[in-house]
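One structure below.
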Amino acid sequence: MLVDRRTVLAGAAALALAPRMAQAAAEPSLARIAQAKGMCFGSTMGLRNFLDPAYRQLNASQCGLIVPETEMKWVALRPDARTFDFAAADRIVDWATSNGMGVRGHTLLWHSERWMPDWVAKHDYGPDPRKEAERLLTEHVATVARRYADRIDSFDVVNEGIDPDTGLLRETALSRHLGAEATIDIAFRAAREAAPRAELVYNDFMTWRADDGRHRAAVLRLLEGMKTRGVPIDGLGVQSHLGSKYSDAPTGLGQVDERAWRAFLDEVVGMGLNLLVTELDVHDNPLPTAIEVRDRAVADHARAYLDLMLSYPACKTVMCWGLSDRYTWLAGSRPRPDGTPKRPCPYDADFRPKPLRAAIAGAFGARPMHG
Ligand code: 9MR
């Protein structure tokens, strides 16, 4: 039923596209190609790009899942300690569901001081700060998870809890009162209670790069600890911002260590956890200016990566962090040294499909049927 509806709606969206896009949209969508292999494909939308009707149509035509880019974070939902503002998140969720798409929730807690609203640090935690911190956190997670429990079946409960340079859990205004481990546990337990059927995910940006061993080891320690403590967690979100860790890396997209990466993923699935590719894009700063060369390298890198990820039956979700180069977060935060526009997404700035789009489709097509 959902499939039929989505097909009809995607067809309607395709008709409304500019002629040069209509042909591309008439090809099987990434969502359809993924679905044929028992997988879900989707992308992120933030309110800014959501307001572009052509971009909405591109997303509706390609995606089976949408995740709000910022609108479900504390910074967006919580102007202060007492208020919730769901207006922007609701717009995206309502649009996605009324177009037959599923929604992922991101994120019930971004366990990083930098990305929490300022008021959380300035809040008066009163005579029993531990109790107040727990109340604040539980109330937030429960309110958001409960609101969307009928429309969101997978939540990033905690995002980026680890400092990749030290391998230690981060500290925040909440964790200073609760302890970092307990903060994360409380968020997951509250999410399970409020949305009992939802998949609960820990999301982070450890990668297959050879220089990322410390981060991978720290994530494993966190997950193992959670499993030992009986914390309700169902999956690991592998963000998959591919490419060099640092914008000024001298060579290519960085050295990868496939063996270490497989060993890491084996441990994760060995704990019974799902693997989700949650934020795929390719940071292309170290690649040459020439577009054809650059797009090829981006596509080849992503294809090799996805082939590896999709060889795991536990990996059933692939999300891009934006479909088009026009709206990529990387343009503003990591500009290319040569000043040319970045090309990290499957569609270019004019919404034309790029080799990366074919690489994603190819990886879905080549995925073995895992039964
Ligand atoms: O792409 C997002 C950008 O628009 C926001 O300004 C930023 C801060 O809220 O977050 C970006 O998304 C991040 C995601 O939430 C978590 N993983 C890394 C993503 C890219 O920075």
Side-chain angles (χ1 to χ4, degrees), residues 42-52 55 59 63 65-79 85 88-89 91-93 103-120 140-141 144 152 154-165 170 172 184 187 201-209 212 215-216 218-219 222 235-247 275-285 302 317-335 341-347 349:
S43 186
T44 192
M45 290 190 91
L47 197 59
R48 188 175 67 96
N49 52 56
F50 175 81
L51 295 174
D52 174 346
Y55 191 58
N59 277 269
C63 294
L65 266 179
I66 292 291
V67 57
E69 187 166 359
T70 300
E71 293 66 23
M72 228 173 258
K73 296 170 184 169
W74 283 60
V75 281
L77 293 179
R78 303 303 304 278
D85 178 359
R91 265 185 94 171
I92 295 176
V93 173
V103 181
R104 295 203 69 246
H106 173 85
T107 172
L108 297 174
L109 177 66
W110 193 334
H111 184 70
S112 168
E113 190 96 305
R114 177 173 175 209
W115 299 111
M116 290 291 273
D118 290 344
W119 65 258
V120 179
H140 178 90
V141 170
V144 180
I152 292 188
S154 180
F155 282 99
D156 290 335
V157 179
V158 173
N159 188 52
E160 299 174 18
I162 291 163
D163 176 344
D165 295 324
R170 298 181 199 272
T172 69
I184 292 172
V201 173
Y202 172 73
N203 191 50
D204 210 335
F205 56 83
M206 66 286 132
T207 66
W208 68 347
R209 283 188 311 257
D212 240 2
H215 198 179
R216 287 191 293 268
V219 169
L222 172 66
L236 174 67
V238 183
Q239 291 186 3
S240 311
H241 296 292
L242 304 180
S244 166
K245 186 170 183 179
Y246 302 104
S247 319
L275 291 173
L276 298 87
V277 172
T278 49
E279 305 184 13
L280 178 70
D281 54 22
V282 187
H283 178 38
D284 66 358
N285 278 23
T317 302
V318 173
M319 309 283 292
C320 285
W321 207 243
L323 283 188
S324 159
D325 296 335
R326 186 184 298 184
Y327 294 120
T328 173
W329 70 285
L330 286 162
S333 64
R334 313 268 174 88
K342 298 199 61 133
R343 300 179 64 82
C345 299
Y347 287 79

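Note that ligands are numbered from 1 as they come in the structure, with each ligand's atoms numbered from 1 the same way.
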From CG (Asn59) to CG (Asn49), nearest 0.5 Å: 7.5 Å
By salt bridge (charged side-chain N to carboxylate O under 4.0 Å, His left out) - contacts of Asp52 (at least two apart): Arg326
Sorted by chain and number, the residues that approach ligand 1 to under 4.0 Å with a heavy atom: Glu69, Thr70, Lys73, His106, Trp110, Trp115, Asn159, Glu160, Gln239, His241, Glu279, Trp321, Trp329
Short side-chain donor-acceptor distance under 3.5 Å, Trp115 and Asn159: no
Check: Ile162 and Tyr202 side chains under 4.5 Å, non-hydrogen atoms: yes
Sidechain-backbone polar pair: Thr44 side chain, Val67 backbone, donor-acceptor under 3.5 Å: yes
Leu77 versus Ala89, closest heavy-atom pair with distance: CD2-CB, 4.2 Å
